[in-house]
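Worksheet: one structure, shown below.
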Amino acid sequence: MSWNQSQLTKLKEDVSTFGVAIDEEQLHQFIKFYELLVEWNRFMNLTAITEFDAVCKKHFLDSISLCKAIDCTKKYNVIDIGTGAGFPGIPLKIAFPNLKITLLDSLGKRVKFLNTVITELGLKEIEAIHGRAEDFAKPEQLREKFDLCVSRAVANLSILSEYCLPYVKVDGYFISYKSEKISDEIKMSETAIQILGGVVYDQKEFSLPNSNIYRNLCMIKKISHTPKKYPRKAGIPSKEPL
């Protein structure tokens, strides 16, 4: 769990390549988040990546890279679907305190971890919710309440869109973090995205700072309300994609 000042300087420099400046308090929050991640990872499966530089690059920087697709200095209301160990939501909150963030995950133990991180880091206007995406997308819950939905979850874009687009307001965006070129995947998902009220708006392709790690942010704009029957019950979207 050790690091040195040069590693911290490198983190600040890498973040600055996105045009983002973090102060000493934010840097301390990233360090504390890392410490808690490694500590809790000893008794529950949060991440296979535990070395400090790798966590900074593949989790922290990757999460913050959202700013390459959208202006994260605005006061957006954001939901992170399938957040897992808090990526991308917690690094986004640290780097952009103006964002109001909801973290949604289906595993209670992970939500307990997320609440510990939120408390220990002193983060405000961020909450962690235990539940499934299809359950909280009901009108009386969180349906169409958010300017922005983000997800690093590993799933086909048509499946992810069914879980995520119902949370987005009309004129808002669902942004999917991808680690590969997805032109074919987008083409195969266009019908599903259209049914759900969205349209593929743009892609931002880049490598993470000082690396050859490819990333793709797929931006889907919500242009009409999602039909009430979506998302379907648990398991159906993956078994029978739109």
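- By the 4.0 Å N-to-carboxylate-O rule, R152 lies close enough to D62 to be salt-bridged with it.
- With Y167 as the partner, the side chain to side chain contact (heavy atoms under 4.5 Å, CB included) test is satisfied by one option alone out of L148, V78, T102, I81: I81.
- Within 6.0 Å of OH in Y201 there are 12 or fewer heavy atoms belonging to other residues, nucleotides or ligands.
- Atoms SG and CD, from C218 and E185 in turn, are 8.0 Å apart once rounded to the nearest 0.5 Å.
- Under the 4.5 Å side-chain heavy-atom criterion for ILVMFWY residues, no single connected hydrophobic cluster contains both I79 and M219.
- Checking side-chain atoms of S189 against main-chain N and O of S158 turns up a donor-acceptor pair under 3.5 Å.
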Quiz: residues 224-231 side-chain donor-acceptor pairs under 3.5 angstrom, not counting sequence neighbours:
| unit_1 | atom_1 | unit_2 | atom_2 | d |
| --- | --- | --- | --- | --- |
| H225 | ND1 | E144 | OE1 | 2.7 |
| H225 | ND1 | E144 | OE2 | 3.4 |
| T226 | OG1 | L196 | O | 2.7 |
| T226 | OG1 | K222 | NZ | 3.2 |

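- Judged as a ring-ring contact (aromatic ring centres under 6.0 Å, His included), the pairs with a partner in residues 56-96 (not counting sequence neighbours) are, in order, F30-F60, F33-F60, F33-F87, H59-F87.
- Atom CG of N98 and atom NZ of K74 lie 11.5 Å apart (nearest 0.5 Å).
- Taking CD1 of I193 as the reference point, atom CD1 of I220 lies at 3.5 Å (rounded to 0.5 Å).
- A 4.5 Å side-chain heavy-atom check between L36 and K32 finds at least one atom pair inside the cut-off.
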(request) Decide yes or no on side-chain contact (heavy atoms from CB on, under 4.5 Å) for D135 and Q141, but give the supporting numbers first. (result) CA-CA 8 Å; D135 294 332; Q141 298 282 352; over 6 Å; no

(message) Test side-chain contact (heavy atoms from CB on, under 4.5 Å) on E205 and K178; report intermediate values, then the result.
(response) CA-CA 9 Å; E205 300 180 64; K178 293 287 187 176; over 6 Å; no

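- Annotation for L160 and A153: closest pair CD1-O, 3.6 Å, computed over non-hydrogen atoms.
- D147 places no side-chain N or O within donor-acceptor distance of the main-chain N or O of G172, the cut-off being under 3.5 Å.
- Taking hydrophobic clusters as Ile, Leu, Val, Met, Phe, Trp and Tyr residues chained together by side-chain heavy-atom distances below 4.5 Å, F136 does not share a cluster with L114.
- Here the shortest heavy-atom pairing between G84 and D105 reads N-OD1, 2.8 Å.
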(message) Pair I182, Q203 - check side-chain contact (heavy atoms from CB on, under 4.5 Å), show working.
(response) CA-CA 9 Å; I182 57 166; Q203 286 185 76; 3.7 Å; yes

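- Counting all heavy atoms, side chain and backbone alike, P209 lies closest to T17 at CG-OG1, 3.1 Å.
- Checking side-chain atoms of Q26 against main-chain N and O of D23 turns up a donor-acceptor pair under 3.5 Å.
- Residue V111 is not grouped with residue V117 when hydrophobic side chains (ILVMFWY) are merged at heavy-atom distances under 4.5 angstrom, including chains of intermediate members.
- When the shell of 6.0 Å around NZ of K239 is examined, it contains 12 or fewer heavy atoms from other residues, nucleotides or ligands.
- No donor-acceptor pair closer than 3.5 Å links the side chain of N216 to the backbone N or O of K181.
- Between the CG atom in L123 and the CD1 atom in I101 there is a gap of 9.0 Å [rounded to 0.5 Å].
- Taking every heavy atom of both residues into account, L217 and A69 meet most closely at CD1-CB, 3.8 Å.
- No side-chain heavy atom of I22 sits less than 4.5 Å from a side-chain heavy atom of I94.
- Contact check on K58 versus E51 returns no salt bridge, with no Lys/Arg side-chain nitrogen under 4.0 Å from an Asp/Glu carboxylate oxygen.
- With hydrophobic clusters built from ILVMFWY side chains whose heavy atoms lie under 4.5 angstrom apart, I129 does not share a cluster with F174.
- Atom-to-atom distance recorded for D71:CG and L66:CG is 10.5 Å, nearest 0.5 angstrom.
- Considering L103, D80, I175 in turn, D80 is the only one that fulfils the side chain to side chain contact (heavy atoms under 4.5 Å, CB included) rule with P88.
- For the pair E24 and H28, the minimum side-chain heavy-atom distance is 4.5 Å or more.
- Residue P91 comes nearest to I64 through the heavy atom pair O-CG1, 4.1 Å, listed as atom of the first residue, atom of the second, then distance.
- The main-chain N or O of A21 is never found under 3.5 Å from a side-chain atom of K12 such that the two would form a donor-acceptor pair.
- I49 CD1 to K57 NZ: the interatomic distance, rounded to the nearest 0.5 Å, is 12.5 Å.
- Under the 4.5 Å side-chain heavy-atom criterion for Ile, Leu, Val, Met, Phe, Trp and Tyr, L61 and L99 are members of the same hydrophobic cluster.
- The closest side-chain heavy-atom distance from S65 to Y177 is below 4.5 Å.
- A donor-acceptor pair under 3.5 Å links the side-chain atoms of H130 to the main chain of S106, judged by distance alone.
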(request) Kindly determine whether M44 and K112 satisfy side-chain contact (heavy atoms from CB on, under 4.5 Å), including the steps that lead there. (result) CA-CA 11 Å; M44 60 184 290; K112 186 177 180 181; over 6 Å; no

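- Summarising the hydrophobic clusters (Ile, Leu, Val, Met, Phe, Trp, Tyr; side-chain heavy atoms under 4.5 Å, direct or chained), the residues clustered with I223 are V199.
- Using a 4.0 Å cut-off between a side-chain N of Lys or Arg and a carboxylate O of Asp or Glu, E134 and R132 qualify as a salt bridge.
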